[in-house]
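A quick write-up on the structure given underneath.
Computed from a predicted model, the values in this text were never measured in an experiment.
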Protein chains: 2
Amino acid sequence: MNITLDEIAHRAGVSRSTASRVLNHHPHVNPAVRERVWQAIRETNYQPNHTARSLAIRRSQVIGIIIPQPIHTLFADPYLPLLIEGIAHTCNERQFAMMLELATSTGNHPYLHIGRRGFLDGAIIASAVEDQFLLQWLQQETIPVVSIGRIISHPGIPYVDVDNRHGARMVVEHLIHCGYRRIATITGPMNIIAGRERYMGYCDALTAAGISVQPELVIEGNFSEESGYIAMNTLLRFDPRPDAVFAASDMMALGALRALRAAGLTVPNDVALAGFDDIPLAAAMTPALTTVRQPIAKLGQTAACLLLDYLLNPPAEPTVQRVILPTELVIRESCHKQP
Amino acid sequence: MNITLDEIAHRAGVSRSTASRVLNHHPHVNPAVRERVWQAIRETNYQPNHTARSLAIRRSQVIGIIIPQPIHTLFADPYLPLLIEGIAHTCNERQFAMMLELATSTGNHPYLHIGRRGFLDGAIIASAVEDQFLLQWLQQETIPVVSIGRIISHPGIPYVDVDNRHGARMVVEHLIHCGYRRIATITGPMNIIAGRERYMGYCDALTAAGISVQPELVIEGNFSEESGYIAMNTLLRFDPRPDAVFAASDMMALGALRALRAAGLTVPNDVALAGFDDIPLAAAMTPALTTVRQPIAKLGQTAACLLLDYLLNPPAEPTVQRVILPTELVIRESCHKQP
DNA sequence: TCACTTACTGGGAACGCTTCCAACTACGTC
DNA sequence: GACGTAGTTGGAAGCGTTCCCAGTAAGTGA
């Protein structure tokens, strides 16, 4: 049914070997023969069979993108799309394809296809949630893996991350600099390292300024708008209420803003607000949100580079690559005390 | 290096054929033999080679998800994530894997891998933008395809879609019912069928109520927050200004809201606002947005079902499946005139 | 006891490609 | 004129599966 390399060889009057050599741009093929083969390829619109090729060369030119959480919880903000765009950028460049491996909320087959030998050359863990499935899989897997975000329990896995801790510290220092002292934080999930590190950056800034961290001003959220709303309502019950809030994600900052509005308070005059991520909405909201920008697409791009470099020429001696990308403070309107 | 079926067969003291039969749950295998083979599989942690299997059975159990536009423009709202989640749901259920085929903003190799024979069993077009690449690819491709959204120029392609036109009509009728008469619309891109159909629904509702469609009250956006903001500012320059606005996406409604706030106007008292999509933020914003809910995950799920059903047992006579899923009006606070 | 089924098993070709190896040319070179 | 040598080619053995086909052993009914 489909045209094979044999068919091409026959049409060009050469052997399969020669046709293969032409296809793969090997040297030492007579120019005239080479042209005859290309002609046959063009005439028949021949496309080589990728599966057969993979089997023969024992590589698939496919990497997996592992998304350990139900996707809709993560895609609620544009983090993952940008990450994937970054990965895709590198993959397209180097002729690799991407498989999506995700845990659905209902399905019970996470990482279904990863285990099958020969299917993937390597994998990128898109968001390092250290759940049991992921850890169990890492335990027994043999293909090279690069993680977005450090995996504490597996220090041998190369990773790329942004400097969450420093970013958080910068933005909280900015709040302090603006004159706020009773600064609360709505953290990310503490089982995610980004959640923990942003919290640590918050602590760093307070401690450095001689302000003690008050446990009641620390509320754990899950990065979603809703959780920011709930956390802010909790914070508003304290007396005196915080005069500034650092939300560990812009979506949570958005939720906090909604709670503040509902309580009749204005930002930044009654309460200052800062976020993390710099999603497009952050610049668009009123007041425009002061936040920390992270180079998300770059993150994905770098992770893919790390993985593909490794795959294309594996290093002689094993070295674990680690890359930390810088974050950037974006000052807007949500934490300036109006005179 | 990796364990093969031959190794398993040898360990269990049987032929490769028998080992294969055990692996694939064929009948007519002696129970004792069967158990010996399974034991060898467990002991060695054997995983069958997917590539070799694909080659032999001439199926890959992989479908492609084709995303014809730079992903970040589409992922700006949670549409695509939910769609993918729906597709993944069906795929996980039936042991299929998903390849992501996306056009990056910089890359010039869209649909890179689709052409390679044997790589994909079928494909889902995630968002029917009729650009040249897509049409060109459809022209020459041979694998089964299902589209999310109708592709006008290729009526032979099965598709799944939501009833955009009726949904838009419902929400505009609701505005009319609330007493608004000078109703503007911010449409989606007119080269996307969803954009056109929502606009037609808007026209339907007005016409049915005996209101004529005023060209100056129709502004084309691109579904993004920013485009909603810009369009609303344009609308505000007209005198008399519209008393209600139907934005063809919630993100654009959000942008419109920002423009209205900036102009010192309140929703719904000065201007009513309605959206389309029912993204999570729609319920969370102030005022909560009246909008049209579309079953996005269901859309993906259905598309995947259509495709996989077709792949698993191709129908004898060719029939083009078409499915239209209903939309639902969600009434909240943004279009009730306060007494 | 003899066909005749039925349950089970192994051999080997096939899937479509890559690549090693050997062989064959043509061209100088001593 | 024998002898490398480099360029060029085809044959054939893989890659790790599936599955058809033939064959054996055991069970069944006349």
Side-chain angles (χ1 to χ4, degrees), chain A residues 1-38 40-41 44-62 95 113 115-121 142-143, chain B residues 1-38 40-41 44-62 95 113 115-121 142-143:
Chain A
M1 170 116 188
N2 267 330
I3 300 144
T4 69
L5 195 55
D6 269 321
E7 168 78 10
I8 297 295
H10 183 251
R11 277 173 178 255
V14 297
S15 73
R16 179 169 60 239
S17 317
T18 303
S20 171
R21 272 189 285 264
V22 171
L23 202 62
N24 294 292
H25 305 98
H26 283 195
H28 306 319
V29 176
N30 186 309
V33 172
R34 181 186 300 276
E35 185 44 45
R36 279 215 314 278
V37 173
W38 278 122
I41 290 175
T44 54
N45 194 23
Y46 164 74
Q47 308 262 27
N49 183 305
H50 179 267
T51 305
R53 178 161 207 276
S54 296
L55 184 59
I57 66 175
R58 282 180 286 292
R59 279 182 283 120
S60 65
Q61 306 258 97
V62 178
Q95 313 266 86
H113 304 281
R116 305 190 191 166
R117 304 289 168 208
F119 201 57
L120 298 178
D121 289 347
T142 51
I143 56 173
Chain B
M1 170 119 185
N2 269 329
I3 301 144
T4 70
L5 195 54
D6 269 320
E7 168 77 12
I8 296 295
H10 183 251
R11 277 174 178 255
V14 297
S15 73
R16 177 170 63 240
S17 314
T18 303
S20 172
R21 270 189 287 264
V22 171
L23 202 61
N24 294 292
H25 307 99
H26 283 196
H28 306 320
V29 176
N30 185 307
V33 172
R34 182 185 298 277
E35 184 44 44
R36 279 214 314 278
V37 173
W38 278 122
I41 290 175
T44 54
N45 193 23
Y46 165 74
Q47 308 263 27
N49 183 306
H50 180 267
T51 306
R53 178 162 208 276
S54 297
L55 184 59
I57 65 177
R58 281 178 285 292
R59 279 181 283 118
S60 64
Q61 306 259 97
V62 178
Q95 313 266 86
H113 305 280
R116 306 189 189 169
R117 304 291 166 206
F119 202 58
L120 297 179
D121 289 347
T142 50
I143 56 173

Quiz item: Once you round it to whole Å, what is the distance between C1' of C:dC20 and NE2 of A:H26?
Solution: 12 Å
Quiz item: With respect to the side chain of B:H28, which nucleotide from D:dT17, C:dA7, C:dG16 is positioned closest?
Solution: C:dA7
Self-check item: Below 4.0 Å: OP1/OP2 of C:dG16 and any side-chain N or O of A:Y46
Solution: no
Exercise. Return the value, rounded to whole Å, for the distance between atom NE2 of B:H10 and atom P of C:dG11.
Key: 12 Å
Quiz item: Rounding to a whole Å, what distance do you find between A:E7:CD and C:dC15:P?
Solution: 13 Å
Quiz item: Nearest 0.5 Å, what's the OG-CG distance between A:S54 and A:D121?
Solution: 7.5 Å
Exercise. Could you check B:L55 against A:R34 and say which one's nearest nucleotide on DNA chain D is further toward the 5' end?
Key: A:R34
Practice problem: Consider the side chain of A:V14, meaning its heavy atoms from C-beta on, and name the nucleotide among C:dC17, D:dG10, D:dT18 that approaches it most closely. | Solution: D:dG10
Quiz item: Which distance, rounded to the nearest 0.5 Å, do you find between the CD1 of A:I41 and the CD of A:E7?
Solution: 12.0 Å
Exercise. Report the C-alpha separation of A:N49 and A:N2 in whole Å, then their side-chain angles, then the decisive distance to 0.1 Å, and conclude whether the side chain to side chain contact (heavy atoms under 4.5 Å, CB included) test is met.
Key: CA-CA 9 Å; A:N49 183 305; A:N2 267 330; over 6 Å; no
Self-check item: Proximal nucleotide (of C:dC15, C:dC8, D:dT8) relative to the B:N30 side chain
Solution: C:dC8
Practice problem: Considering just the side-chain nitrogens and oxygens of A:S15, establish if one lies under 4.0 Å of OP1 or OP2 belonging to D:dG10. | Solution: yes
Exercise. Rounded to the nearest angstrom, tell me the gap between atom CZ in A:R58 and atom P in D:dG14.
Key: 11 Å
Self-check item: A:H50 NE2 - C:dG16 C1' separation (whole Å)
Solution: 13 Å
Quiz prompt | Given C:dT19, C:dC17, D:dT8, the nucleotide with the shortest approach to the side chain of A:P31 | solution = D:dT8
Self-check item: Rounded distance (Å) that lies between atom C1' of D:dG16 and atom CD of B:Q47
Solution: 14 Å
Exercise. May I ask you to say whether A:R16 pairs ionically with A:D6, meaning some side-chain N is under 4.0 Å from a carboxylate O?
Key: yes
Exercise. Specify the residues of residues 16-23 of chain A, ordered by number, for which at least one heavy atom lies under 4.0 angstrom from an atom of DNA chain D.
Key: A:R16, A:S17, A:T18, A:R21
Quiz item: Shortest non-hydrogen contact from B:A52 to A:L55?
Solution: CB-CD1, 3.7 Å
Self-check item: Selection from D:dT18, D:dG10, C:dG16 that lies nearest to any side-chain heavy atom of B:N24
Solution: D:dT18
Practice problem: Starting from C1' on C:dG10, measure out to CZ on B:R36 and report it in whole angstrom. | Solution: 14 Å
Practice problem: Of all the heavy-atom pairs spanning A:T44 and A:I8, show the shortest one and how long it is. | Solution: OG1-CD1, 3.3 Å
Quiz item: Say you draw a straight line from CZ of A:F119 to CZ of B:R53; how long is it, rounded to the nearest 0.5 Å?
Solution: 11.5 Å
Quiz item: How many Å lie between CG on B:N49 and P on C:dC15, as a whole number?
Solution: 19 Å
